[in-house]
Amino acid sequence: VSVRDIFLVGLSHKSAPIEVRERVALTGEALKDALCDLRATEGVREVLVVSTCNRVEVYVQADSIEHARRFFTSRSPEAADHLYARSGVEAVRHLFRVAASLDSMVVGEQQILGQVKEAYGLASAAQAAGATVSRLCNRAFATAKRVRTETDIGKGATSMSQVAVELVEKIFGDLKGRSILLAGAGKMGALSAKALAVLGADRILVTNRSPDRGRALAEQVAGTFRTWEELERLLAEADVVIVSTGAPSYVLTREIVGRAMKARRKRSLCIIDLAVPRNVDPACADLDEVFAYDVDDMEKVVAMTREARREEALRAEAIVEAEVIAFAKERETRAALPVLAQLRRHAEEIARAEAERTLTQVGASLDEKGRRSVEAMAKAIVNKLLHRPTARLKEAASSGDGALAGAAAELFGFEGNAPQAEKRDAEAAGKPRAAASERS
Amino acid sequence: MSVAILAIAAGLYTGATAAYIAYFARPKHARFVTAGFWLLAGAFVVHGVAIGIGCGEYGGTEFFSLRGGLVLMVWLATGAYLLLQRFYHLPALGAFITPLTLVVLFPALFGDPGHPGVSPETLRHPTLTLHVMSAVLGVGLFAIAFGAAVMYLLQEREVKGKHFGALFSRLPPLESLDRMVQRLVRAGFVVYTVQFVAGTVTAAAVWKSAWSWDPQQIVSLAVWMLYGAMVQLRHSGWHGRRYALLTLAGFMLVLGSMVSIRAIPGFTRHMGDYGARVEGTQ
């Protein structure tokens, strides 16, 4: 029950192009079958497969790493060139980093934790996840949670549309009772308008020079189409204006926006210019209660987020490292437990047998109290004798030293029985604490 | 006695201030807000006890000095803020309001609370208590509006200037702050109107003249008209930056006049014995 028999083989966006990833990626029933196949393989005890669009990773508790490698090579021969392999503590660290979103394409993104949880759910359902994988996953989830709460790794906007949401939120709070105007049919504009839906705008108005494309876009974002000639009137109505037309010059000049602001009776207006070349005169931002942003401003925010997350990632790595060490230590301690249990069982058996033998010989000359004294004495000798070795074994195991447990097993001749104890240990999965207290 | 209890209250105010500022620095730790709220609530209760005992000790005369007026203002403004927290969740505001209480309260701890004694007959006029309480509460509400306006201007600079720094993420949205300023100005104006009416009634009864060109009366009228104008301007579309600046200017006038009028001895009858001496010489 140490970490030495945990292996990982996988490929991700960092090691393999999408063509290779999609060839080995598995979902649904196919993934379940693959899990069962791998689990049924001789020498494999537990399996976990994490399969997302960015990575496919196979974790096994097995005799050899080759079982995991074969999973890839049997599906796609060229995958072999893109695989990375980790074993023991390295494999544990990798899973913890993946779950904490430190290995993601966008560091700190939230989805990966859910995907790992899903992978664990599938492994459990296929009965491929036993005590080790359960414990491993639970610690990985706890680590990810710690990273999320103790660092700011998930903070900030990582895309243009998220930046738009953040800006609008800091100006208006929410968009209840307000409307969004989408001017022009640029792709980024539609994306941003959709993202802004989380703020609960009452309606989306769409306008475009070509009415056909405008109508199609309106349908796509669940908005209302208005003709391009109405633009100035629409400016007075909407609170957030997203501009992304293909026009080579300013569509919204200072004069147009100034007139609109008068008509708005000074209600604030947020203008987001997603077009290159720009469609909104930067001088508009000089007007009171007009908040205007262009692509550069938004890019700046994204860059700031990336920078901030890089710094937070360093703090997250420290948390992961601490958790990996704690996990490895815990496994080592548990590795010593079967030896301890055997030692005690062995000693108690001897004590009971010897006490019985003594009592059959001289028991007749003793009263009830005397008999109990003999039994108590045998027990006391066992306890006193085992007290120090027990403490030492636990101590050695918790400091990561499994050698002493091995030596004890050898000294008392337990080797043959050891796997049996380990098996029982595995059956007590999910309640490691209860299992531990049973034995101590 | 009341000063010693006031010192305990000041300690609790300090704790609340520390908690709210800690929350502002580390917004992830929501328990700072809870701690700040309850410390402030505790300070409010202890402060209330101090005021009650002070009334017995000094017969109510201490509220007519600058010191007493400001201490009472801290108490009522804290009450108003606690009430506000129940309806609007703007914990960041605490970091801007609580330091103000300390600025006002700490000098007061070392000030002279006046001479123990029985309150003069003039101080027992029924509308006078209403006048004092509403005047102080009104100014307290203006003070909270001032804090919210400062927050607005800071956030406006972040949003408009594209800084997006630490303040950007910590301060509430502009619209929420703007709405908060407007509501506080409106509520403060209503309360201030009550004090104006009650004051005039008291003056007519005690000084035998509703309007006697007392400097405090003149300033009160100016403040009342200014905030009245602000309530009106809101209806004609004023908001945002200009409104926040106006709120700042308004409170500067209130605070500046309160301090300067009382700094000149004998300048106003709104002091010490509340004109009892003047009446006595007549």
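The analysis underlying the following values was restricted to heavy atoms, covering all of them including side chains, and did not include hydrogens, waters or symmetry mates. In what follows, every chain begins at residue 1, and chains take the letters A, B, ... in the order their sequences are listed.
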Need one label for A:Glu150: side chain, backbone, both or neither, based on atoms under 4.5 Å from any heavy atom in chain B. backbone
When the 4.5 angstrom heavy-atom criterion is applied to A:Phe291 and chain B, the contacting part is side chain
Assert top hit (heavy-atom pairs under 4.5 Å, partner chain B, pool A:Glu166, A:Lys300, A:Arg178) equals A:Arg178
Minimum heavy-atom separation for B:Lys160 and A:Ala285, please, with both atom names. CE-O, 2.8 Å
First locate atom CD1 of A:Ile171, then atom CD of B:Gln155, and finally report the distance between them rounded to the nearest 0.5 Å. 9.0 Å
Give a yes or no on whether the backbone of B:Arg241 and the side-chain of A:Glu289 come within a donor-acceptor separation of less than 3.5 Å. yes
Under 4.5 Å from any heavy atom of chain A, what part of B:Tyr152 do you find: side chain, backbone, both or neither? side chain
Side chain, backbone, both or neither: which part of A:Asp152 has an atom under 4.5 Å from a heavy atom of chain B? both
Between A:Lys170 and B:Phe168 (side chain of the first, backbone of the second, donor and acceptor by atom type, cut-off under 3.5 Å), is there such a pair? yes
Nearest heavy-atom pair of A:Ala292 and B:Lys162: which atoms, and what distance? O-CE, 3.3 Å
Nearest 0.5 Å, what's the CD-CG distance between B:Glu156 and A:Asp288? 7.5 Å
By a 4.5 Å heavy-atom criterion (distance strictly below it), what part of B:Leu177 contacts chain A: side chain, backbone, both, or neither? neither
